[in-house]
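Here's the structure, in structure tokens; my notes come after.
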Amino acid sequence: MDSYGRDNIILNKEYKHLDHPKCDCEADAGVTSCLMTSYALASIGRRYYACGNIFEGLDCGFHQWYDHCEIVSPYIVNVVETLNVAYNRAECENMILSDENMKLKQRIKLLEESTQRLSNKFEKLNESYRRSECEILELSTEMSTQRQLVEQLKEEKNKIIEDVAKIEFKVTIERISH
């Protein structure tokens with residue numbers, strides 16, 4: 001950083017005003033100087049003229065103070081230092097929050113993977129349940145058919161017992177009558 005604070009953030013750019021002083025490279029490039037604001041702590045808030053090619057990377061190094069004030073208010077320096085402390089504190093908090101955010105993202109990823117595994121397992125179990133349900137339905141139908149056959153066989157058995165009883169009765173009657 002040079003003594004004019006040109007490596008700091010530059011705001012309040014005002015290009016090519018006719019009343020701006022001419023920079024050293026103007027004759028070659030046809031560029032006028034631009035009005036800038038210093039953000040260096042030693043000259044915070046002071047306005048100055050800089051080479052008009054500063055944003056194109058062709059800076060000739062031209063610098064001229066706009067306000068001719070050599071002393072910066074101690075109040076302004078104190079405010080800037082306080083803001084710098086607050087900024088640094090915020091940066092630390094941001095780093096902590098970024099770290100926590102990354103950990104939470106990793107945890108979310110693990111939970112999503114676990115959820116996917118459980119979902120796949122549930123689908124397999126659900127498919128197995130559906131197959132079992134179909135098998136149960138088939139067995140139930142087969143059992144119903146078997147019950148009907150058993151009932152038919154019982155009816156046939158009862159008919160045969162009845163027929164045998166009739167035959168035995170006839171045979172007994174014939175024996176008695178002979």
Side-chain angles (χ1 to χ4, degrees), residues 1-2 4-15 34-45 50-59 75-178:
M1 175 173 74
D2 63 18
Y4 308 118
R6 280 187 268 193
D7 66 339
N8 290 293
I9 299 172
I10 301 169
L11 299 174
N12 302 323
K13 304 176 290 233
E14 298 173 15
Y15 281 110
C34 56
L35 187 59
M36 310 287 274
T37 302
S38 173
Y39 290 92
L41 189 57
S43 58
I44 189 77
C51 174
N53 287 322
I54 193 168
F55 299 107
E56 287 77 28
L58 304 172
D59 183 11
Y75 173 76
I76 292 175
V77 172
N78 186 34
V79 167
V80 170
E81 287 175 345
T82 302
L83 289 173
N84 280 335
V85 168
Y87 176 80
N88 290 335
R89 193 174 293 136
E91 279 290 309
C92 289
E93 289 176 10
N94 186 37
M95 287 175 55
I96 291 169
L97 291 173
S98 293
D99 186 50
E100 288 177 12
N101 187 33
M102 185 177 295
K103 288 177 183 175
L104 288 173
K105 283 181 180 179
Q106 290 171 346
R107 183 163 165 86
I108 287 171
K109 184 179 178 186
L110 290 173
L111 288 172
E112 286 172 344
E113 290 170 356
S114 177
T115 300
Q116 187 61 46
R117 281 193 305 273
L118 288 172
S119 178
N120 291 342
K121 190 174 183 178
F122 173 77
E123 282 301 317
K124 287 178 184 176
L125 288 171
N126 200 18
E127 181 61 31
S128 176
Y129 171 76
R130 278 189 240 125
R131 279 195 306 264
S132 296
E133 201 173 46
C134 288
E135 290 173 5
I136 288 171
L137 184 60
E138 288 173 9
L139 287 172
S140 176
T141 304
E142 190 176 320
M143 283 177 59
S144 178
T145 304
Q146 292 291 334
R147 281 189 191 120
Q148 289 174 354
L149 286 173
V150 167
E151 288 300 318
Q152 286 175 359
L153 289 173
K154 281 182 182 179
E155 287 176 13
E156 286 180 23
K157 176 185 157 194
N158 288 339
K159 188 175 179 190
I160 290 172
I161 291 173
E162 204 177 279
D163 287 346
V164 167
K166 284 181 185 177
I167 292 173
E168 285 179 351
F169 181 70
K170 281 183 184 181
V171 168
T172 306
I173 297 257
E174 281 184 15
R175 276 192 199 156
I176 294 179
S177 49
H178 283 0

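Heavy atoms only: backbone and side chains are in, while hydrogens, waters and symmetry mates are out. Here, residue 1 is the first one in the sequence, and each next residue gets the next number. Just so it is clear, the structure is predicted and the values come from calculations on it, not from any experiment.
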Inset, instruction - Give a yes or no on whether a salt bridge exists between Lys159 and Glu156, defined as a side-chain N under 4.0 angstrom from a carboxylate O. - result: no

Atom [atom1] in [X], atom [atom2] in [Y]: separation rounded to 0.5 Å?
X      : Y      : atom1 : atom2 : result
Cys134 : Leu139 : SG    : CG    : 11.5 Å
Asp99  : Asn94  : CG    : CG    : 11.0 Å
Arg130 : Asn126 : CZ    : CG    : 4.0 Å
Gln106 : Asn101 : CD    : CG    : 10.0 Å
Ile136 : Glu133 : CD1   : CD    : 7.0 Å
Leu104 : Leu111 : CG    : CG    : 10.0 Å

Taking [X] for the side chain and [Y] for the main chain, is one N or O donor matched with an acceptor at less than 3.5 Å?
X      : Y      : answer
Ser114 : Leu110 : no
Asn88  : Asn84  : yes
Ser128 : Lys124 : no
Ser177 : Ile173 : yes
Ser144 : Ser140 : no
Thr141 : Leu137 : yes

Inset, instruction - Using distance alone, with no hydrogens and no angle criterion, decide if Asn120 and Gln116 have a side-chain donor and acceptor under 3.5 Å apart. - result: yes

Legend entry - Distance-minimising heavy-atom pair for Ser38 and Ser43: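 Closest approach of Ser38 to Ser43, heavy atoms only: OG-OG, 2.7 Å.
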
Legend entry - Arg107, CZ: over 12 other non-hydrogen atoms inside 6.0 angstrom: no

Inset, instruction - Side-chain contact test, heavy atoms from C-beta onward, threshold under 4.5 Å: evaluate it for Glu113 versus Arg117 and give yes or no. - result: yes

